[in-house]
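Step one of this worksheet: look at the structure below.
Model, not experiment: these values are computed from the prediction.
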Amino acid sequence: MPTSYTIRKADLYAASPADICRAKDAAFLNALVQRVSAALPPGTSSFDFVDFRADVPANGKAASAQLRFRTSGPDGAEVTMYASGPFNPQTCVVGPMTGGIGQGPDDPNAAVSFNEKGN
């Protein structure tokens with residue numbers, strides 16, 4: 001049984017999922033990508049998955065998830081973007097996500113440019 005919440009691009013081609021969420025629900029990642037794609041700013045095109053990871057602290061603090069991807073902005077330039085939100089490790093449910101350009105919300109150069117409303 002998988003013990004990780006991490007999904008890398010190479011994992012997408014494995015015969016069976018090595019992460020907890022896709023082992024529970026094969027459509028997990030596809031549904032998450034659809035949600036993020038629908039929330040992206042107008043003019044954003046393409047979606048190249050980079051990775052998904054969930055941080056589940058052992059000390060009982062709130063868990064969070066982050067999806068990173070590459071896309072092209074309205075000017076056609078390729079950028080790395082992220083979407084992050086609260087995460088329930090028991091059900092693999094990711095709450096409403098915010099995101100933008102950068103490696104993640106802790107990236108000092110990150111710029112929030114979208115907010116998913118209530119999914």
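- Of the charged side-chain nitrogens involved, at least one lies within less than 4.0 Å of a carboxylate oxygen, so that Lys9 and Asp48 count as a salt-bridged pair.
- The shortest heavy-atom contact between Ile7 and Phe49 is O-CZ, 3.6 Å.
- If you chain together hydrophobic residues whose side chains sit under 4.5 Å apart, Leu32 and Val50 never meet in one group.
- Annotation: side chain of Glu116 is not in contact with side chain of Thr98 (no heavy-atom distance under 4.5 Å).
- Listed for the Ser37 side chain is a donor-acceptor partner under 3.5 Å among the backbone atoms of Val33.
- Ring centroids of Phe47 and Phe69 are separated by less than 6.0 Å, placing the two rings close together.
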Checklist entry - Checking salt bridge (charged side-chain N to carboxylate O under 4.0 Å, His left out) for the pair Asp55/Arg53: CA distance, chi angles, key distance, verdict? => result CA-CA 7 Å; Asp55 295 318; Arg53 77 168 201 269; 3.6 Å; yes

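- Looking at heavy atoms from C-beta onward, Ser46 lies in side-chain contact with Ser72 at the 4.5 angstrom threshold.
- Using a distance-only test at 3.5 Å, with no hydrogens or angles considered, a donor-acceptor pair links the side chain of Lys24 to the main chain of Gln90.
- The distance from atom CD1 of Ile101 to atom CG of Asn109, rounded to the nearest 0.5 Å, is 11.0 Å.
- Taking every heavy atom of both residues into account, Ser113 and Gly100 meet most closely at OG-CA, 3.4 Å.
- Heavy atoms only, all atoms of each residue included: Pro2 and Pro17 are closest at CG-O, 3.9 Å.
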Checklist entry - Checking side-chain contact (heavy atoms from CB on, under 4.5 Å) for the pair Tyr82/Val112: CA distance, chi angles, key distance, verdict? => result CA-CA 9 Å; Tyr82 72 93; Val112 174; 3.6 Å; yes

Item to check | Worked verdict on Leu67 versus Asp51 for side-chain contact (heavy atoms from CB on, under 4.5 Å) | outcome: CA-CA 6 Å; Leu67 176 71; Asp51 61 18; over 6 Å; no

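- A disulfide (SG to SG under 2.5 Å) check over residues 2-107, counting only residues at least two apart or in different chains, returns the pairs Cys21-Cys92.
- Taking CG from Leu12 and CG from Asn30, the interatomic distance works out to 10.5 Å, rounded to the nearest 0.5 Å.
- Formation of a donor-acceptor pair under 3.5 Å by the Asp11 side chain with backbone atoms of Arg8 is found in this model.
- To the nearest 0.5 Å, the span separating OG1 on Thr71 from CE on Met81 amounts to 7.0 Å.
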Next on the checklist: Using the rule given for ring pair (Phe, Tyr, Trp, His ring centres under 6.0 Å), can you reason through Phe52 versus Phe28, listing the C-alpha separation, both sets of side-chain angles and the distance that settles it, and then say yes or no?
Outcome noted: CA-CA 11 Å; Phe52 170 86; Phe28 166 78; 5.4 Å; yes

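- The two residues Ala63 and Pro89 have their closest heavy-atom pair at CB-CD, 4.1 Å.
- In this structure a side-chain-to-backbone donor-acceptor pair under 3.5 Å is present from Arg35 to Val94.
- Checked by atom type and distance alone, the side chain of Thr80 never pairs as donor or acceptor with a backbone atom of Arg70 at under 3.5 Å.
- With hydrogens and angles ignored, the 3.5 Å screen pairs no side-chain donor or acceptor of Tyr5 with any backbone N or O of Asp19.
- Side-chain contact between Thr44 and Phe114 is absent, with no heavy atoms from C-beta onward closer than 4.5 Å.
- No donor-acceptor pair closer than 3.5 Å links the side chain of Gln103 to the backbone N or O of Pro108.
- Nearest approach of Thr6 to Ser4, heavy atoms of both residues: N-OG, 2.9 Å.
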